[in-house]
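Please read the structure below before turning to the comments.
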Amino acid sequence: MNRKYLSFLAVSAFVWALVGCGAEQGGTQKTKVWNVASIQVEGHPQNEAVKKMGEIFGKLTNGRYRFEVFPNELLGPQRETLEQVQYGIIEMAIMGNPNVSSFEDGFLTFEMPFLFDDEAHQRRFFTTSPLVEKLFSRTEKYNFKIVTYFTAGTRNMYAKKPIRTLADLKGMKIRTAESDTYAKMMKALGGAATPMSFGEVFTAIQSGVVDGAENNEASYSSTKHYEIAPYYSYTRHLIVPDYLIMNNKLYSSLSNEDKAALQEAARQAADYEVELWQKDAQERLAQVKEGGATVVYDVDLKALQQAVAPLHAELTQNPEIKEVYDAVKVTSELK
Ligand code: GCU
(Lines give C-alpha, C1' and ligand atoms only; values in the text may rest on other atoms or scores of the structure.)
Protein backbone atom coordinates (compact mmCIF):
# COMPACT_ATOMS: atom_id res chain seq x y z
CA MET A 1 0.00 0.00 0.00
CA ASN A 2 1.54 3.31 -0.94
CA ARG A 3 1.92 6.27 1.38
CA LYS A 4 -0.60 8.48 -0.42
CA TYR A 5 -3.27 5.78 -0.17
CA LEU A 6 -2.53 5.20 3.51
CA SER A 7 -2.89 8.88 4.27
CA PHE A 8 -6.13 8.91 2.23
CA LEU A 9 -7.43 6.05 4.43
CA ALA A 10 -6.45 7.93 7.60
CA VAL A 11 -8.22 11.09 6.41
CA SER A 12 -11.26 9.04 5.39
CA ALA A 13 -11.49 7.50 8.87
CA PHE A 14 -11.34 10.98 10.35
CA VAL A 15 -14.03 12.24 7.97
CA TRP A 16 -16.25 9.25 8.75
CA ALA A 17 -15.97 10.00 12.45
CA LEU A 18 -16.88 13.62 11.73
CA VAL A 19 -19.83 13.12 9.39
CA GLY A 20 -21.50 10.24 11.25
CA CYS A 21 -23.56 7.40 9.93
CA GLY A 22 -25.92 9.17 7.53
CA ALA A 23 -29.45 8.24 8.66
CA GLU A 24 -31.80 9.64 11.28
CA GLN A 25 -34.92 7.98 12.66
CA GLY A 26 -37.86 10.40 12.84
CA GLY A 27 -41.40 9.06 13.50
CA THR A 28 -41.90 6.13 11.19
CA GLN A 29 -39.44 7.07 8.46
CA LYS A 30 -35.73 7.43 8.17
CA THR A 31 -34.20 10.70 7.02
CA LYS A 32 -31.07 10.22 4.97
CA VAL A 33 -28.39 12.79 5.72
CA TRP A 34 -26.17 13.82 2.81
CA ASN A 35 -22.91 15.44 3.86
CA VAL A 36 -21.62 18.25 1.66
CA ALA A 37 -18.00 19.47 1.75
CA SER A 38 -17.18 23.10 1.08
CA ILE A 39 -14.01 25.14 1.40
CA GLN A 40 -16.04 28.33 1.75
CA VAL A 41 -16.93 30.16 4.95
CA GLU A 42 -20.34 30.19 6.64
CA GLY A 43 -22.68 32.56 4.80
CA HIS A 44 -20.87 32.23 1.43
CA PRO A 45 -23.46 32.28 -1.42
CA GLN A 46 -22.58 28.70 -2.43
CA ASN A 47 -23.06 27.34 1.08
CA GLU A 48 -26.34 29.24 1.40
CA ALA A 49 -27.50 27.89 -1.95
CA VAL A 50 -26.68 24.29 -0.99
CA LYS A 51 -28.58 24.70 2.29
CA LYS A 52 -31.58 26.00 0.36
CA MET A 53 -31.27 23.11 -2.08
CA GLY A 54 -31.35 20.68 0.85
CA GLU A 55 -34.51 22.32 2.17
CA ILE A 56 -36.25 22.15 -1.22
CA PHE A 57 -35.14 18.54 -1.80
CA GLY A 58 -36.32 17.66 1.71
CA LYS A 59 -39.74 19.23 1.08
CA LEU A 60 -40.17 17.58 -2.32
CA THR A 61 -39.38 14.17 -0.83
CA ASN A 62 -41.48 14.48 2.34
CA GLY A 63 -38.46 14.82 4.58
CA ARG A 64 -36.66 11.70 3.37
CA TYR A 65 -33.42 13.68 2.81
CA ARG A 66 -31.50 16.35 4.66
CA PHE A 67 -28.21 18.08 3.74
CA GLU A 68 -25.46 18.85 6.23
CA VAL A 69 -22.93 21.39 4.94
CA PHE A 70 -19.35 21.25 6.28
CA PRO A 71 -17.78 24.67 5.50
CA ASN A 72 -14.24 26.07 5.93
CA GLU A 73 -12.31 23.15 4.42
CA LEU A 74 -13.38 21.12 7.48
CA LEU A 75 -13.36 17.92 5.43
CA GLY A 76 -10.15 18.84 3.58
CA PRO A 77 -9.03 20.64 0.43
CA GLN A 78 -11.22 20.27 -2.67
CA ARG A 79 -9.05 17.60 -4.31
CA GLU A 80 -9.43 15.34 -1.25
CA THR A 81 -13.15 15.92 -0.93
CA LEU A 82 -13.55 14.95 -4.59
CA GLU A 83 -11.95 11.60 -3.74
CA GLN A 84 -14.23 11.27 -0.71
CA VAL A 85 -17.22 11.76 -3.04
CA GLN A 86 -15.86 9.20 -5.53
CA TYR A 87 -15.40 6.62 -2.76
CA GLY A 88 -18.80 7.38 -1.23
CA ILE A 89 -17.34 8.56 2.10
CA ILE A 90 -19.35 11.75 1.69
CA GLU A 91 -22.25 12.35 -0.68
CA MET A 92 -21.48 15.78 -2.14
CA ALA A 93 -18.87 18.53 -2.46
CA ILE A 94 -18.51 21.97 -3.99
CA MET A 95 -15.68 21.78 -6.48
CA GLY A 96 -13.48 24.21 -8.40
CA ASN A 97 -13.10 23.71 -12.16
CA PRO A 98 -9.41 22.60 -12.14
CA ASN A 99 -10.25 19.50 -10.12
CA VAL A 100 -12.79 18.50 -12.74
CA SER A 101 -10.70 19.48 -15.78
CA SER A 102 -7.95 17.14 -14.62
CA PHE A 103 -10.37 14.30 -15.54
CA GLU A 104 -11.92 15.69 -18.73
CA ASP A 105 -10.25 18.08 -21.19
CA GLY A 106 -13.49 19.79 -22.24
CA PHE A 107 -13.59 21.53 -18.85
CA LEU A 108 -10.17 23.12 -19.53
CA THR A 109 -12.01 25.56 -21.78
CA PHE A 110 -13.41 27.39 -18.74
CA GLU A 111 -9.87 28.05 -17.50
CA MET A 112 -9.09 30.18 -20.56
CA PRO A 113 -8.56 33.79 -19.57
CA PHE A 114 -11.13 36.22 -20.99
CA LEU A 115 -13.31 33.38 -22.33
CA PHE A 116 -16.70 34.73 -21.30
CA ASP A 117 -17.73 38.35 -22.06
CA ASP A 118 -19.04 38.71 -18.52
CA GLU A 119 -20.76 36.72 -15.74
CA ALA A 120 -24.13 36.97 -17.55
CA HIS A 121 -22.57 35.28 -20.58
CA GLN A 122 -21.29 32.45 -18.39
CA ARG A 123 -24.76 32.01 -16.93
CA ARG A 124 -26.34 32.04 -20.39
CA PHE A 125 -23.96 29.31 -21.50
CA PHE A 126 -24.59 27.03 -18.51
CA THR A 127 -28.37 27.48 -18.57
CA THR A 128 -29.01 27.31 -22.33
CA SER A 129 -26.28 25.42 -24.18
CA PRO A 130 -27.26 21.88 -25.19
CA LEU A 131 -23.61 20.91 -24.76
CA VAL A 132 -23.64 21.40 -20.98
CA GLU A 133 -25.53 18.20 -20.14
CA LYS A 134 -23.37 16.19 -22.51
CA LEU A 135 -20.20 17.64 -21.03
CA PHE A 136 -21.36 17.10 -17.45
CA SER A 137 -22.25 13.46 -18.15
CA ARG A 138 -18.62 12.73 -19.05
CA THR A 139 -17.54 12.70 -15.40
CA GLU A 140 -19.95 9.89 -14.48
CA LYS A 141 -17.44 7.24 -15.50
CA TYR A 142 -15.20 8.53 -12.69
CA ASN A 143 -18.10 7.98 -10.27
CA PHE A 144 -18.95 11.61 -9.68
CA LYS A 145 -21.85 13.50 -11.17
CA ILE A 146 -22.10 17.25 -11.65
CA VAL A 147 -25.45 18.22 -10.18
CA THR A 148 -25.21 21.90 -11.04
CA TYR A 149 -22.80 24.67 -11.91
CA PHE A 150 -22.40 27.63 -9.55
CA THR A 151 -21.02 31.04 -10.38
CA ALA A 152 -17.74 31.87 -8.69
CA GLY A 153 -17.80 35.44 -9.99
CA THR A 154 -14.84 37.07 -11.72
CA ARG A 155 -11.25 36.58 -10.58
CA ASN A 156 -8.93 39.54 -10.08
CA MET A 157 -5.30 39.83 -9.00
CA TYR A 158 -4.14 41.16 -5.68
CA ALA A 159 -0.74 41.94 -4.24
CA LYS A 160 1.19 44.42 -2.15
CA LYS A 161 1.15 46.83 -5.12
CA PRO A 162 -1.44 47.75 -7.74
CA ILE A 163 -1.46 45.89 -11.06
CA ARG A 164 -2.57 48.11 -13.94
CA THR A 165 -0.35 47.05 -16.82
CA LEU A 166 1.69 44.13 -18.12
CA ALA A 167 4.78 45.97 -16.91
CA ASP A 168 3.41 45.86 -13.34
CA LEU A 169 3.02 42.08 -13.60
CA LYS A 170 6.49 41.45 -14.98
CA GLY A 171 8.31 38.85 -12.89
CA MET A 172 5.61 38.60 -10.22
CA LYS A 173 4.90 35.23 -8.62
CA ILE A 174 1.16 34.82 -8.35
CA ARG A 175 -0.57 31.95 -6.60
CA THR A 176 -3.10 30.21 -8.80
CA ALA A 177 -5.19 27.07 -8.31
CA GLU A 178 -3.50 23.89 -9.57
CA SER A 179 -3.89 24.00 -13.36
CA ASP A 180 -1.48 23.95 -16.31
CA THR A 181 -3.72 26.44 -18.09
CA TYR A 182 -3.24 28.96 -15.29
CA ALA A 183 0.53 28.44 -15.47
CA LYS A 184 0.42 29.21 -19.21
CA MET A 185 -1.81 32.21 -18.59
CA MET A 186 0.54 33.75 -16.01
CA LYS A 187 3.52 33.15 -18.28
CA ALA A 188 1.75 34.87 -21.19
CA LEU A 189 1.07 37.83 -18.88
CA GLY A 190 4.75 38.09 -17.95
CA GLY A 191 4.50 36.67 -14.43
CA ALA A 192 4.80 33.17 -13.01
CA ALA A 193 2.11 30.96 -11.49
CA THR A 194 2.79 29.25 -8.17
CA PRO A 195 0.10 26.57 -7.80
CA MET A 196 -1.08 25.55 -4.33
CA SER A 197 -4.33 24.75 -2.56
CA PHE A 198 -6.62 27.45 -1.21
CA GLY A 199 -5.78 27.01 2.47
CA GLU A 200 -2.05 27.53 1.91
CA VAL A 201 -2.25 30.94 0.29
CA PHE A 202 -2.27 33.22 3.34
CA THR A 203 1.04 31.90 4.66
CA ALA A 204 2.57 31.90 1.18
CA ILE A 205 1.83 35.60 0.73
CA GLN A 206 2.84 36.42 4.28
CA SER A 207 6.18 34.65 4.01
CA GLY A 208 6.91 36.07 0.54
CA VAL A 209 6.78 32.69 -1.26
CA VAL A 210 4.41 34.47 -3.66
CA ASP A 211 3.93 38.17 -4.41
CA GLY A 212 0.18 37.89 -4.64
CA ALA A 213 -2.77 35.78 -5.71
CA GLU A 214 -6.00 36.08 -7.68
CA ASN A 215 -9.56 35.40 -6.67
CA ASN A 216 -13.12 36.73 -6.50
CA GLU A 217 -14.25 39.30 -3.92
CA ALA A 218 -15.77 36.67 -1.59
CA SER A 219 -12.54 34.69 -1.25
CA TYR A 220 -10.29 37.78 -1.09
CA SER A 221 -12.35 39.02 1.83
CA SER A 222 -13.18 35.81 3.71
CA THR A 223 -9.56 34.60 3.77
CA LYS A 224 -8.37 38.00 5.00
CA HIS A 225 -5.79 38.08 2.22
CA TYR A 226 -6.51 41.82 1.94
CA GLU A 227 -4.63 42.35 5.19
CA ILE A 228 -1.35 41.19 3.64
CA ALA A 229 -1.98 41.95 -0.06
CA PRO A 230 -3.97 45.18 0.13
CA TYR A 231 -4.26 46.12 -3.59
CA TYR A 232 -7.15 44.42 -5.37
CA SER A 233 -6.85 45.15 -9.10
CA TYR A 234 -9.77 44.48 -11.45
CA THR A 235 -7.86 42.40 -14.00
CA ARG A 236 -11.05 40.40 -14.72
CA HIS A 237 -8.95 37.64 -16.30
CA LEU A 238 -11.05 34.60 -15.34
CA ILE A 239 -14.76 33.86 -15.02
CA VAL A 240 -14.46 30.22 -14.05
CA PRO A 241 -17.33 28.18 -12.58
CA ASP A 242 -17.58 25.94 -9.53
CA TYR A 243 -19.77 22.82 -9.38
CA LEU A 244 -21.81 20.84 -6.91
CA ILE A 245 -20.79 17.23 -7.41
CA MET A 246 -22.18 14.01 -5.94
CA ASN A 247 -21.36 10.31 -5.84
CA ASN A 248 -22.64 8.89 -9.11
CA LYS A 249 -23.61 5.48 -7.75
CA LEU A 250 -25.76 7.18 -5.17
CA TYR A 251 -27.40 9.32 -7.87
CA SER A 252 -28.06 6.26 -10.03
CA SER A 253 -29.67 4.46 -7.08
CA LEU A 254 -32.36 7.15 -6.69
CA SER A 255 -35.89 6.62 -8.01
CA ASN A 256 -36.88 8.70 -11.02
CA GLU A 257 -39.08 10.86 -8.77
CA ASP A 258 -36.20 11.57 -6.41
CA LYS A 259 -33.87 12.34 -9.31
CA ALA A 260 -36.41 14.84 -10.65
CA ALA A 261 -36.80 16.39 -7.19
CA LEU A 262 -33.04 16.71 -6.84
CA GLN A 263 -32.71 18.33 -10.24
CA GLU A 264 -35.50 20.80 -9.47
CA ALA A 265 -33.87 21.67 -6.14
CA ALA A 266 -30.50 22.13 -7.88
CA ARG A 267 -32.01 24.41 -10.51
CA GLN A 268 -33.56 26.63 -7.86
CA ALA A 269 -30.34 26.60 -5.83
CA ALA A 270 -28.26 27.73 -8.84
CA ASP A 271 -30.66 30.64 -9.46
CA TYR A 272 -30.52 31.58 -5.80
CA GLU A 273 -26.73 31.49 -5.71
CA VAL A 274 -26.41 33.85 -8.68
CA GLU A 275 -28.94 36.15 -7.06
CA LEU A 276 -26.92 36.23 -3.82
CA TRP A 277 -23.57 36.61 -5.56
CA GLN A 278 -23.78 40.21 -6.78
CA LYS A 279 -24.94 41.61 -3.46
CA ASP A 280 -22.35 39.54 -1.60
CA ALA A 281 -19.52 40.78 -3.85
CA GLN A 282 -20.48 44.41 -3.22
CA GLU A 283 -20.65 43.84 0.53
CA ARG A 284 -17.29 42.06 0.52
CA LEU A 285 -15.75 44.91 -1.44
CA ALA A 286 -17.01 47.43 1.12
CA GLN A 287 -15.59 45.22 3.89
CA VAL A 288 -12.09 45.02 2.39
CA LYS A 289 -12.03 48.77 1.77
CA GLU A 290 -12.98 49.32 5.37
CA GLY A 291 -10.17 46.95 6.30
CA GLY A 292 -7.68 49.21 4.49
CA ALA A 293 -7.55 47.66 1.01
CA THR A 294 -7.37 49.76 -2.15
CA VAL A 295 -9.49 48.68 -5.12
CA VAL A 296 -7.92 49.44 -8.49
CA TYR A 297 -10.30 49.80 -11.44
CA ASP A 298 -8.15 51.38 -14.18
CA VAL A 299 -6.47 48.22 -15.49
CA ASP A 300 -5.29 47.99 -19.11
CA LEU A 301 -7.55 45.05 -19.97
CA LYS A 302 -6.88 45.32 -23.72
CA ALA A 303 -3.17 44.64 -23.19
CA LEU A 304 -3.94 41.67 -20.94
CA GLN A 305 -6.38 40.24 -23.47
CA GLN A 306 -3.90 40.63 -26.32
CA ALA A 307 -1.18 38.91 -24.33
CA VAL A 308 -3.26 35.78 -23.77
CA ALA A 309 -4.81 35.58 -27.28
CA PRO A 310 -2.18 33.05 -28.50
CA LEU A 311 -3.22 30.79 -25.62
CA HIS A 312 -6.75 30.56 -27.05
CA ALA A 313 -5.28 29.52 -30.40
CA GLU A 314 -3.04 26.92 -28.74
CA LEU A 315 -5.70 25.37 -26.51
CA THR A 316 -8.37 25.13 -29.20
CA GLN A 317 -6.09 22.78 -31.14
CA ASN A 318 -7.50 20.17 -28.76
CA PRO A 319 -10.85 19.05 -30.31
CA GLU A 320 -12.52 18.56 -26.88
CA ILE A 321 -11.66 22.13 -25.92
CA LYS A 322 -12.65 23.45 -29.35
CA GLU A 323 -16.10 21.86 -29.07
CA VAL A 324 -16.82 23.66 -25.79
CA TYR A 325 -15.13 26.87 -26.95
CA ASP A 326 -17.39 27.07 -30.02
CA ALA A 327 -20.51 26.45 -27.90
CA VAL A 328 -19.44 29.22 -25.52
CA LYS A 329 -18.99 31.64 -28.43
CA VAL A 330 -22.48 30.82 -29.76
CA THR A 331 -24.01 31.89 -26.44
CA SER A 332 -22.07 35.17 -26.59
CA GLU A 333 -24.10 36.15 -29.62
CA LEU A 334 -27.46 35.25 -28.04
CA LYS A 335 -27.67 38.49 -26.03
C1 GCU B 1 -12.62 30.32 -5.09
C2 GCU B 1 -13.40 29.26 -5.83
C3 GCU B 1 -12.91 27.87 -5.42
C4 GCU B 1 -11.41 27.78 -5.63
C5 GCU B 1 -10.71 28.84 -4.84
C6 GCU B 1 -9.21 28.80 -5.07
O7 GCU B 1 -12.92 30.28 -3.75
O8 GCU B 1 -14.77 29.39 -5.55
O9 GCU B 1 -13.53 26.86 -6.18
O10 GCU B 1 -10.92 26.54 -5.24
O11 GCU B 1 -11.22 30.11 -5.26
O12 GCU B 1 -8.66 29.73 -5.60
O13 GCU B 1 -8.60 27.79 -4.72
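Indexing begins at 1, ligand by ligand and atom by atom, following the structure's order. Excluded from the calculations below are hydrogen atoms, water molecules and symmetry mates; all remaining heavy atoms, backbone and side chain alike, are included.
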Legend entry - Beyond-backbone contact of Tyr234 with Thr154, side-chain heavy atoms, under 4.5 angstrom: no
Inset, instruction - Check whether any N or O atom of Asn215, backbone or side chain, sits under 3.5 Å from an N or O atom of ligand 1, and answer yes or no. - result: yes
Legend entry - Presence of salt bridge, Glu42 and Lys51, under 4.0 angstrom: yes
Legend entry - Validation row: Tyr243, Phe144 side chains within 4.5 angstrom (heavy atoms): no
Inset, instruction - Pull out every atom of ligand 1 sitting under 4.0 Å from any heavy atom of Ser219, numbered as shown with elements. - result: 1 (C), 7 (O)
Inset, instruction - Answer side chain, backbone, both or neither: which part of Ile39 comes under 4.0 Å from ligand 1, heavy atoms only. - result: side chain
Inset, instruction - Using a 4.0 Å heavy-atom threshold (strictly under), name the region of Glu214 that reaches ligand 1: side chain, backbone, both or neither. - result: neither
Legend entry - Heavy-atom side-chain contact between Val324 and Glu320 under 4.5 Å: no
Legend entry - Arg175 touching ligand 1 at heavy-atom level, < 4.0 angstrom: yes
Inset, instruction - Would you mind listing which atoms of ligand 1 come within a distance below 4.0 Å of any non-hydrogen atom of Gln78? - result: 3 (C), 9 (O), 10 (O)
Inset, instruction - Would you mind checking which non-hydrogen protein atom is closest to atom 5 (C) of ligand 1, with the distance to 0.1 Å? - result: Phe198 CD1, 3.7 Å
Legend entry - Per-atom contacts, ligand 1 versus Asp242 - under 4.0 Å to a heavy atom: 2 (C), 3 (C), 8 (O), 9 (O)
Inset, instruction - Heavy-atom contacts with Gly96 under 4.0 Å: which atoms of ligand 1 show up? List them by number with element. - result: 9 (O)
Legend entry - Sub-3.5 Å N/O-N/O distance, Gln40 and ligand 1: yes
Inset, instruction - Measure up the Phe125 and Phe116 rings against each other and bin them: parallel (under 30°), tilted (30 to 60°), perpendicular (over 60°). - result: tilted
Inset, instruction - Answer yes or no: does atom NZ of Lys141 have more than 12 heavy-atom neighbours from other residues, nucleotides or ligands under 6.0 Å? - result: yes
Legend entry - Side chain to side chain, Leu315 and Thr109, heavy atoms closer than 4.5 Å: no
